[in-house]
Amino acid sequence: MLCQNCGRNEATTHIKRIVDGESSELHLCSGCAQHLGYAGMFSGFGSNIGTLLSRFFPETAMLPETEEERCPGCGATFDEIVRSGAMGCAECYDVFYDRLKPSLSRIHGRATHVGKTSATRDDRMERRAELRRLEEERNAAVQAEEYEKAAVLRDRIRELRGETK
Amino acid sequence: MTKWYMLSGKENDVAVSSKVSLARNLRDHVFTNRLSTEEKDQIADEVSAVIFEQLPEKFVLTHMNTLSRYAAISLAERDLVSPEFVSVQEGRSFLTTPDESLSLMICEEDHVKIQALLPGLELTRSYELADRLDTILDEALGFSFDNKLGYLTQCPTNIGTAMRGSVVLQLPAMRILGRIRHLSNTVSRLGLVLTGAYGEGDSPIGSLYLLSNQVTLGISEEAALGNLDSIALSIIEQEREARKELMENLQFQDMLWRSCGTLKSARVMSFQEFMEALSVVKIGIAAGEFDLPMNTVNELIFAMQPATLNTEAGEDLSRQERDALRAEKVRAVFADVQQ
Ligand SMILES: [Zn+2]
Ligand SMILES: [Zn+2]
């Protein structure tokens, strides 16, 4: 499909609009989307989900799928997330964090959250984040041949996982 | 019932409305793209139960699939829901206060989208309204949140505050003077985006533009809205300057009086024709040339929309009947304006 604005390039951005009392869709090439203000990474906020699909994961989409890891929360594989452009559930962020990271930092930079925080806490998510941190530390300790430190960390990991020592 | 857009707001010679939206997801459900229609309706039930119980305002719940096509599109015309939201009506629900200033879209892209809409430039107050509703729902239902990533959304681009603030600005003078392109380049360097509010392509209907924030991660709600507010104010000033320049110009004077004539006397008027004439006449009203309250003019932007007229006056109105009805209503408002 050709861009409705310039009529020359292939349309890659599809925006739902209301025109003259009817629902319609605007198809734009990336250049025109940029020039008309729809190319902002966040213009997808509810109004043009389709736009973001290909744009969000260009580099990760190229990676070959090594294993069929599924999110325990929703059953999604990383490949499914890339193809649909939508995360399956909140847990996906955690499970696929390492693979999301390049895209996240390309879009958001190195930023971390500032502002309002949820009053209720999700212990599950926090425990998982803590586990990830401890595992990284333990790997580093093993690498550095600090076996005593690694053993202490291993015990804490087991404890957090609810395993008996 | 008085709707929010009938009231007078700050800087309303240029700023038509301000909106703050918060995207949220319930912790105990997978994201919307993986939900069945039944599960979506269940979320609507959970959310509305809390709202009916804990909020002082009387909210009304509407399942979108019970609305006619025109009634659904009318919601989008009045900026209460997104065009995306009405593209599919199944499994989607909508909650609103009677004045429509506070509303929730359920199962659009995220489980819940909280929205507060006010006339004029009112970002801080809009945020307060949305924030209060968000806090109540969070305490009762629990939203997905991560300390580093903030509120977790279906699309990874919206994480963080998952907040979007926007202001609808009517910029006829800057458009006539060819200053929009430069303006939109400038605001994009400041982390904001300027798009046409209605219509397609380069020349949005009635010179209505939407200015909104882009960045959601690493900037607080307060800072993002403060930034948006100050840039909106500076654009409002630039538009006022541009209007003054135009008022000195004989060619524009001619255009102004002709546009006023159209509003006072046309018998059939498309939405586009109406909006173009209105945006020009607004410059004359702001300059004191015509005597009409600005909120009456701004109200027409919403009330004269095509599907909104159809919903109000009868679904089977033909296009020509609709355009005649619009002309009649507009004539009534402009009848006493001195020519
Ligand atoms: Zn194009
Ligand atoms: Zn998941």
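Computation of the quantities below employed the complete heavy-atom set of this structure, encompassing side-chain atoms and omitting hydrogens, waters and symmetry-equivalent molecules. Sequence lines set the chain letters: A, B, ... in the order given, protein chains first and strands last, and positions in each chain run from 1.
Considering only heavy-atom pairs separated by less than 4.5 Å from chain A, the leading option among B:L210, B:T153, B:V187, B:L35 is B:T153. The candidate from A:G75, A:G109, A:C74, A:C92 with the greatest count of non-hydrogen atom pairs under 4.5 Å with chain B is A:C74.
Side chain of B:N33 to main chain of A:M87: a donor-acceptor pair is present (N/O by atom type, distance under 3.5 Å, no hydrogens or angles). Looking at B:D138, its side chain never comes within 3.5 Å of a backbone N or O of A:S118 through a donor-acceptor pair. A side-chain donor-acceptor contact under 3.5 Å links A:H108 to the backbone of B:P156. Under a 3.5 Å cut-off, the side chain of B:E221 and the backbone N or O of A:K116 do form a donor-acceptor pair.
For the pair B:V86/A:I18, a side-chain contact is recorded, criterion being any heavy-atom separation below 4.5 Å from C-beta on.
Across every non-hydrogen atom of A:A111 and B:G218, the tightest pair is CB-CA, 3.8 Å. Residues A:Y97 and B:K148 approach most closely at OH-CE, 4.5 Å, considering heavy atoms. Residues A:G73 and B:V30 share a closest heavy-atom pair of O-CG1, 3.6 Å.
If you measure heavy-atom distances from B:T32 to chain A, you find no contacts under 4.5 Å at all. For B:D131, the parts lying near chain A are the backbone and the side chain together; criterion is any non-hydrogen pair under 4.5 Å. Of the atoms belonging to B:L149, heavy atoms from both backbone and side chain fall under 4.5 Å from chain A. Neither the backbone nor the side chain of B:S74 comes within less than 4.5 Å of any heavy atom of chain A. Neither the backbone nor the side chain of B:N185 has a heavy atom closer than 4.5 Å to any heavy atom of chain A. For a residue to count as touching a neighbouring chain, one of its non-hydrogen atoms must lie under 4.5 Å from one of that chain's; by this rule B:Q305 does not touch chain A. If you measure heavy-atom distances from B:T161 to chain A, the contacts under 4.5 Å come from both the backbone and the side chain.
Taking OH of A:Y93 as the reference point, atom CG of B:D146 lies at 10.0 Å (rounded to 0.5 Å). Atom SG of A:C89 is separated from atom CG of B:L26 by 13.0 Å, given to the nearest 0.5 angstrom. The CD1 atom of A:I107 lies 6.0 Å from the OG1 atom of B:T157; values are rounded to the nearest 0.5 Å. Note that the CZ atom of B:R322 and the CG atom of A:D20 stand 5.5 Å from one another [nearest 0.5 Å]. Atom-to-atom distance recorded for B:F31:CZ and A:I81:CD1 is 9.5 Å, nearest 0.5 angstrom. Between atom OG of residue B:S87 and atom CZ of residue A:R17 there is a gap of 13.5 Å, rounded to the nearest 0.5 Å.
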Exercise. Determine, stepwise, if the pair A:S23 / B:R69 fulfils side-chain contact (heavy atoms from CB on, under 4.5 Å).
Key: CA-CA 9 Å; A:S23 211; B:R69 199 67 198 127; 3.4 Å; yes

Quiz item: Between A:H113 and B:L217, does a side-chain contact (heavy atoms from CB on, under 4.5 Å) hold up when you go through it step by step?
Solution: CA-CA 5 Å; A:H113 179 58; B:L217 191 65; 4.1 Å; yes

Quiz item: After noting the C-alpha distance and the side-chain angles of A:L104 and B:I159, does the key distance pass the side-chain contact (heavy atoms from CB on, under 4.5 Å) rule?
Solution: CA-CA 10 Å; A:L104 285 177; B:I159 57 170; 3.8 Å; yes

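The residues A:E80 and B:R34 are annotated as salt-bridged, a charged nitrogen and a carboxylate oxygen being separated by less than 4.0 angstrom. Under 4.0 Å is where a charged nitrogen must lie from a carboxylate oxygen, and between A:K16 and B:E84 at least one such pair does.
More than 12 heavy-atom neighbours from other residues, nucleotides or ligands sit within 6.0 angstrom of CZ on B:R132. The local environment of CZ in A:R110 is sparse, with at most 12 non-hydrogen atoms from other residues, nucleotides or ligands closer than 6.0 Å. In the displayed structure, A:E135 atom CD is contacted under 6.0 Å by more than 12 heavy atoms of other residues, nucleotides or ligands.
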